[in-house]
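Note sheet for the following structure.
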Amino acid sequence: MENGKRQAQSPMKIFPIICFFLLCQSCAPAQPPCVICDVVQQIKIEGVDAQLKDSILLHQRHYPDTSDADHIEYYSLTLDSIKGQARIDFGYESGQRAYAVDEISLFKKSDGNFKVVYSHFTGANSTVNQNDLLVFDYKPKTKNLTIDKVTAASLSVGFKDFFTAGTPDSVARDFEANADIYCSLFHEAENGIIFRLVNYLLSGPLRDNKYLLGEVIAFKWTGDAFVKSEPYFEE
């Protein structure tokens, strides 16, 4: 170095360095495609257009222009590309207590393709309402997503599924008047989905109700189909 200036390297010395860098780049393993990201983009979610999805996927949290000082709305994203799960929460940081949840889970099939389950439920305070439960088939090679109404119809759970045989009709009606069932894809149960029973008026745990067999019914994914479990109580 002369007079405090760095001497320029000759092109012949720089060329091998560039070649080595390009070689390393070409040998680096390619990042696997984010299958769940593509599925989220394709599934139609009420109130969430393509532009909003892009913002949520990019920033993980989005504040719509419709928010004001009294009612601050937000969208937040929870995404696991390894497990193939995505959850979009809509709610309010202040003011209202209403919320909406969109959950998407991928279940790998034996042929390498995926079964996709989409659950949309809304609520406020302790209430919850199942709005949509859809099932799709997804082919990663073609990025083709098609509806599967047959499988969706098989994922059906009613109040009677949770009650013991011989439960008086009056007891069942009183319980159902203040209860709901919703489908959760984010849970600790083994690979599959669960339907959870909730009651808004009971002060104690559901297991104290002698007419109930459980508060959860699971559908375990076997690689080709969902298998329904008996009702059980969560620990």
Side-chain angles (χ1 to χ4, degrees), residues 29-62 64 75-90 99-123 128-158 161 180-197 216-229:
Q31 291 297 318
C34 181
V35 176
I36 185 65
C37 297
D38 183 62
V39 172
V40 170
Q41 291 282 23
Q42 290 199 49
I43 289 181
K44 293 182 179 179
I45 298 177
E46 182 179 353
V48 181
D49 58 20
Q51 184 177 0
L52 179 53
K53 282 183 185 178
D54 288 340
S55 178
I56 296 172
L57 287 169
L58 178 63
H59 302 291
Q60 283 78 57
R61 198 168 185 88
H62 175 85
Y75 290 89
S76 65
L77 171 70
T78 303
L79 188 143
D80 189 325
S81 60
I82 304 300
K83 292 183 178 180
Q85 291 184 319
R87 173 180 169 124
I88 297 176
D89 288 271
F90 168 80
Y99 66 88
V101 177
D102 296 276
E103 295 181 339
I104 301 171
S105 281
L106 306 179
F107 299 93
K108 195 162 189 177
K109 300 167 64 177
S110 57
D111 62 4
N113 295 316
F114 291 92
K115 192 70 72 175
V116 180
V117 180
Y118 165 65
S119 176
H120 171 66
F121 55 91
T122 58
V128 62
N129 182 57
Q130 183 74 46
N131 300 86
D132 289 307
L133 182 63
L134 304 175
V135 180
F136 303 87
D137 284 304
Y138 179 79
K139 296 181 178 180
K141 289 185 177 180
T142 61
K143 296 186 177 182
N144 187 34
L145 185 73
T146 55
I147 194 76
D148 179 1
K149 294 182 179 180
V150 175
T151 301
S154 69
L155 302 178
S156 177
V157 172
D161 295 317
D180 274 308
I181 304 168
Y182 73 98
C183 178
S184 174
L185 308 183
F186 277 59
H187 53 79
E188 298 301 323
E190 196 172 355
N191 189 30
I193 69 175
I194 65 171
F195 286 82
R196 182 175 282 114
L197 177 68
V216 170
I217 292 177
F219 284 82
K220 182 180 178 181
W221 178 247
T222 65
D224 293 293
F226 289 99
V227 179
K228 186 178 182 180
S229 76

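For the single chain, residues carry numbers from 1 onward in sequence order. Below, all heavy atoms of this structure are taken into account, side chains as well, without hydrogens, waters or symmetry copies.
Judged purely by atom type and a 3.5 angstrom limit, Lys53 uses its side chain to pair as donor or acceptor with the backbone of Gln41. A donor-acceptor pair under 3.5 Å links the side-chain atoms of Asp161 to the main chain of Gly158, judged by distance alone.
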*Begin with the C-alpha distance, continue with both residues' side-chain angles, and end with the deciding distance and a verdict on side chain to side chain contact (heavy atoms under 4.5 Å, CB included) for Glu46 and Asn131.*
CA-CA 10 Å; Glu46 182 179 353; Asn131 300 86; 5.9 Å; no
*Show your working on side chain to side chain contact (heavy atoms under 4.5 Å, CB included) between Ile147 and Phe136 and close with a plain yes or no.*
CA-CA 4 Å; Ile147 194 76; Phe136 303 87; 3.5 Å; yes
*Under the side chain to side chain contact (heavy atoms under 4.5 Å, CB included) rule, what do Lys109 and Trp221 come out as? Steps first, then yes or no, please.*
CA-CA 9 Å; Lys109 300 167 64 177; Trp221 178 247; 3.8 Å; yes
_ring pair (Phe, Tyr, Trp, His ring centres under 6.0 Å) between Phe195 and Phe219, worked out_ = CA-CA 8 Å; Phe195 286 82; Phe219 284 82; 5.7 Å; yes
_Stepwise side chain to side chain contact (heavy atoms under 4.5 Å, CB included) check, Ile45 with His120_ = CA-CA 8 Å; Ile45 298 177; His120 171 66; 5.5 Å; no
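Expressed to the nearest 0.5 Å, how far OG1 of Thr151 lies from CG of Leu134 amounts to 12.0 Å.
Closest non-hydrogen pair, Ile36 versus Ala86, comes out as CG1-CB, 3.8 Å. Among all heavy-atom pairs drawn from Cys183 and Gln130, the shortest one is N-OE1, 2.6 Å. In plain terms, the two heavy atoms of Thr122 and Ala100 that are nearest each other are CG2-CB, 3.8 Å. For Val135 against Ala152, the heavy-atom pair with the smallest separation is CG2-CA, 3.6 Å.
Between Tyr99 and Asp89, the side chains place no donor N or O within less than 3.5 Å of an acceptor N or O (distance only, hydrogens not considered).
Aromatic ring orientation, Tyr75 versus Phe90: tilted (interplanar angle from 30° to 60°).
Contact annotation: the side chain of Leu133 approaches that of Val117 to within less than 4.5 Å [non-hydrogen atoms, C-beta and beyond]. Looking only at side-chain heavy atoms (C-beta outward), Thr78 and Phe186 come within less than 4.5 Å of each other. A heavy-atom distance below 4.5 Å is found between the side chains of Ser229 and Ile217. Side-chain contact between Leu57 and Leu79 is present, with at least one heavy-atom pair separated by less than 4.5 Å.
Here Asp137 pairs with Lys115 in a salt bridge; the nearest charged N to carboxylate O distance falls below 4.0 Å.
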